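Just below is one structure, and these are the notes that go with it.
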Amino acid sequence: MAPMAKIWASASLLGIVLFWNAPLLFKLSDNPPRFSRQNSNLTLLIWSWPFRAAPNLTGDVCSRLYGITGCQLTTNRHLFSQADVVVFHHWELQYQRQGLPLSKAHPWQKWVWVSLESPSNTKALEGWTGKEWNWVLSYRRDADLFIPYGELVPHSPDVVEIPEKTGLVSWVISNYQHSQARAAMFQNLSRHLRIDVFGKANRKPLCPDCLLPTISKYRFYLAFENSIHRDYITEKLWRNAFLAGSVPIVLGPSRANYQQFIPANAFIHVDDFSSAKDLATFLTTMNESHYRSFFAWKWNYTVRLHQDWQERFCSICREYPRLPLEKLYPDLKRWFWDY
């Protein structure tokens with residue numbers, strides 16, 4: 001065969017191969033492997049900013065504030081078709097479902113469901129069946145994106161300071177409901193000792209800057225959760241008690257569950273006592289040496305709060321390469337309550 005004929009034959013064969021494999025080539029280009037994108041900028045669309053208007057998200061917010069690079073936060077819904085991740089906060093979902101996208105914009109787009117409320121305080125979970133949700137951001141340790149209300153981080157101070165105390169027990173409460181377990185415990189305990197109550201429920205609201213200084217004057221603080229669910233340990237412990245320098249008396253999940261977050265000798269659990277009277281006796285007869293032992297954790301740790309929504313959302317970019325690619329939640333309510 002002449003050289004030119006060989007060239008034409010080879011070209012024809014190459015053309016046939018490309019023709020038959022064209023559908024596969026186009027399919028791969030339309031849905032590129034996820035990890036080929038992990039070093040590129042990720043666009044996170046926050047469908048509704050939690051509870052309030054979004055802060056200024058211009059510029060490289062995640063890099064500037066938290067050192068997380070390649071992460072663009074936006075609330076511009078016109079960028080839905082370009083978003084790698086779309087984040088839905090449930091508080092807004094439970095009040096308005098109209099206008100939500102019916103499906104993902106492209107095959108590699110991921111949807112994140114966000115709720116830091118307990119199941120008892122998360123309404124309208126029905127009807128969210130289907131295959132939309134890929135990942136969950138929650139206070140629960142089994143969530144794809146585990147964001148607790150706070151944590152203890154290693155720290156070595158020169159001295160452990162305990163604020164001067166002038167009162168025994170305090171409690172800050174805004175939403176008091178008689179049906180809650182914390183209300184019953186408060187009523188029983190208050191029969192045996194004085195509890196100074198602050199907050200809207202007692203018509204003694206505290207200004208934001210007054211909260212911690214007020215609590216710090218008391219030896220103990222009632223860190224009572226509004227509902228009892230595993231891992232549901234909120235700012236009532238992390239901020240109100242620990243940051244104020246008051247020993248928390250906790251009512252929430254089990255002692256064992258608390259000890260997965262904090263040292264066993266850093267708190268008092270109501271379940272450790274057979275009655276409210278026994279708890280009151282324990283508090284009123286405690287000597288100073290025993291009291292100071294509750295602050296031993298401060299030699300090794302300090303409190304870090306996780307209250308900033310920007311940080312919570314930026315963390316999605318940080319964890320993105322490690323998140324499960326094919327995970328789906330067909331029934332959010334069943335998952336949220338089955339724990």
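What you see is a predicted model; the values in this text were computed from it and never measured. Computed from heavy atoms alone, side chains included, the values below leave out hydrogens, waters and symmetry copies.
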[X] (side chain) donor-acceptor with [Y] (main chain) under 3.5 angstrom:
| X | Y | result |
| --- | --- | --- |
| Lys104 | Glu132 | yes |
| Glu225 | Thr234 | yes |
| Ser246 | Tyr218 | yes |
| Asn188 | Ala184 | yes |
| Gln72 | Leu42 | no |
| His90 | Leu93 | no |
| Gln109 | Ala105 | yes |
| Arg230 | Asn257 | no |

>> Does Phe295 form a ring pair (Phe, Tyr, Trp, His ring centres under 6.0 Å) with Phe242? I'd like the steps, not just the answer.
In response: CA-CA 9 Å; Phe295 295 91; Phe242 276 174; 8.7 Å; no

>> Within 45 degrees of the ring normal and closer than 6.0 Å to the centroid, is that where the cationic atom of Lys327 sits relative to Trp135?
In response: no

Got a sec: does the [atom1] of [X] have more than 12 other heavy atoms crowding it under 6.0 Å?
| X | atom1 | answer |
| --- | --- | --- |
| Arg194 | CZ | no |
| Glu288 | CD | yes |
| Lys277 | NZ | no |
| Gln177 | CD | yes |
| Tyr301 | OH | no |

Can you name the nearest heavy-atom pair linking [X] to [Y], along with the distance?
| X | Y | result |
| --- | --- | --- |
| Ser103 | Phe80 | O-CZ, 3.5 Å |
| Pro248 | Ala266 | CD-O, 3.5 Å |
| Gly252 | Ile228 | O-CG2, 3.2 Å |
| Leu212 | Ala244 | O-CB, 3.8 Å |

> Between Asp142 and Trp335, is a side chain to side chain contact (heavy atoms under 4.5 Å, CB included) present by the stated rule, with each step listed?
Replying inline: CA-CA 11 Å; Asp142 65 336; Trp335 174 82; 3.9 Å; yes

> Can you list the steps and then say if Tyr149 with Trp238 is a ring pair (Phe, Tyr, Trp, His ring centres under 6.0 Å)?
Replying inline: CA-CA 7 Å; Tyr149 280 81; Trp238 299 109; 9.2 Å; no

In Å, rounded to the nearest 0.5 Å, how long is the span from [atom1] of [X] to [atom2] of [Y]?
| X | Y | atom1 | atom2 | result |
| --- | --- | --- | --- | --- |
| Asn287 | Ser293 | CG | OG | 8.5 Å |
| Thr74 | Gln82 | OG1 | CD | 9.5 Å |
| His269 | Ser254 | NE2 | OG | 6.5 Å |
| Leu189 | Ile249 | CG | CD1 | 6.5 Å |
| Asn240 | Ser216 | CG | OG | 12.0 Å |
| His229 | Ser120 | NE2 | OG | 2.5 Å |

> Are the two sulfur (SG) atoms of Cys314 and Cys317 closer than 2.5 Å?
Replying inline: no

When you compare the side chain of [Y] with that of [X], does any pair of heavy atoms fall below 4.5 Å?
| X | Y | result |
| --- | --- | --- |
| Asn300 | His155 | no |
| Val172 | Ile215 | yes |
| His306 | Glu151 | yes |
| Glu319 | Asp144 | no |
| Val112 | Trp133 | no |
| Leu45 | Val85 | no |
| Gln310 | Leu65 | yes |
| Lys298 | Ser156 | no |

Kindly state whether the ring of [X] and the ring of [Y] have centres lying under 6.0 angstrom apart.
| X | Y | value |
| --- | --- | --- |
| Tyr221 | Trp171 | no |
| His290 | Phe294 | yes |
| Trp91 | Tyr95 | yes |
| Phe313 | Trp49 | yes |
| Tyr232 | Tyr139 | yes |
| Phe267 | Tyr258 | yes |

>> Could you see if Leu79 belongs to whatever hydrophobic cluster contains Trp111? Use Ile, Leu, Val, Met, Phe, Trp, Tyr and a side-chain cutoff under 4.5 Å.
In response: no

> Can you get from Ile147 to Phe51 by hopping between Ile, Leu, Val, Met, Phe, Trp and Tyr side chains that sit under 4.5 Å apart?
Replying inline: yes

> With His89, which of Trp309, Trp47, Trp113 fulfils ring-ring contact (aromatic ring centres under 6.0 Å, His included)?
Replying inline: Trp309

For the pair [X] and [Y], find out whether any cationic side-chain nitrogen is under 4.0 Å from an anionic carboxylate oxygen.
| X | Y | result |
| --- | --- | --- |
| Glu92 | Arg52 | no |
| Glu311 | Arg318 | no |
| Asp271 | Arg255 | no |
| Arg140 | Asp231 | no |

>> side chain to side chain contact (heavy atoms under 4.5 Å, CB included) for Lys204 and Val197? Distances and angles first, verdict last.
In response: CA-CA 8 Å; Lys204 292 182 180 180; Val197 182; over 6 Å; no

>> Does Phe220 form a side chain to side chain contact (heavy atoms under 4.5 Å, CB included) with Ile268? I'd like the steps, not just the answer.
In response: CA-CA 9 Å; Phe220 305 100; Ile268 300 166; 3.8 Å; yes

Does either side chain, that of [X] or that of [Y], offer a donor lying less than 3.5 Å from an acceptor on the other one?
| X | Y | answer |
| --- | --- | --- |
| Ser227 | Ser118 | yes |
| Tyr66 | Asp308 | yes |
| Tyr176 | Asn226 | no |

>> Set out, in order, the CA-CA distance, both residues' side-chain angles and the distance that settles side chain to side chain contact (heavy atoms under 4.5 Å, CB included) for Phe198 and Ile173, then state yes or no.
In response: CA-CA 6 Å; Phe198 304 90; Ile173 175 72; over 6 Å; no

>> side chain to side chain donor-acceptor pair (under 3.5 Å), that's the test. Do Asp278 and Thr281 meet it? Break it down for me.
In response: CA-CA 5 Å; Asp278 288 344; Thr281 300; 5.3 Å; no

